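Only one structure is covered here, and it is reproduced in the block below.
For clarity, every value in this text was computed on a predicted model and none was experimentally measured.
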Amino acid sequence: MPRTGNAIAREMRAIRTTFRQLARSFGRIAPIFTAVPQARTAAPTAGEKQIRRKPRLTLATRAALKLQGRYMGTMRGLPATKRAIVKKVRAEKGIRAAIVAARRMSA
């Protein structure tokens with residue numbers, strides 16, 4: 001049976017070695033962290049305002065998004081069978097014709 005004093009001393013030595021290795025690693029990595037500017041990762045607090053970049057949309061993209069919204073809005077109220085018909089109309093004739101067809105079906 002090993003003596004408990006030797007076992008404890010061995011474990012303490014292993015812990016001390018590990019801490020030295022960690023300290024050396026942190027010493028090598030610290031300059032890297034101080035050189036890079038800090039990026040905000042946390043959510044803003046109650047007093048701070050979140051900065052959000054405004055998306056730059058062309059007029060064509062904005063119009064396409066508007067049409068997509070109208071299409072989705074008209075599709076929402078339709079049952080599955082009528083949705084399939086409207087999807088077929090969209091594939092064949094385009095989104096404007098599909099919106100007209102969906103409005104006709106919902107009324």
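In this structure Leu59 satisfies the side-chain contact (heavy atoms from CB on, under 4.5 Å) test with no other residue, sequence neighbours excluded. Taking Lys87 as the reference, Tyr71, Met75 meet the side-chain contact (heavy atoms from CB on, under 4.5 Å) condition, with sequence neighbours excluded.
Connection of Ile85 to Met72 is established within a shared hydrophobic cluster, with ILVMFWY side chains joined at heavy-atom distances below 4.5 Å, either directly or through further cluster members. The same ILVMFWY cluster, assembled from side-chain heavy atoms under 4.5 Å apart, contains both Val86 and Leu67.
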Check: residues 11-32 side-chain donor-acceptor pairs under 3.5 Å, at least two apart:
residue, atom, partner, partner atom, Å
Thr17, OG1, Arg13, O, 2.8
Thr18, OG1, Ala14, O, 2.8
Ser25, OG, Gln21, O, 3.1
Ser25, OG, Arg28, NH2, 3.4

Could you give the side-chain donor-acceptor pairs of residues 98-107 under 3.5 Å, partners two or more places apart or in another chain?
residue, atom, partner, partner atom, Å
Ser106, OG, Ala102, O, 3.3
Ser106, OG, Arg103, O, 3.1

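Applying the side-chain hydrogen bond (donor to acceptor under 3.5 Å, both in side chains) test to every pair with at least one member in residues 56-65, sequence neighbours left out, gives these pairs: Thr58-Thr61.
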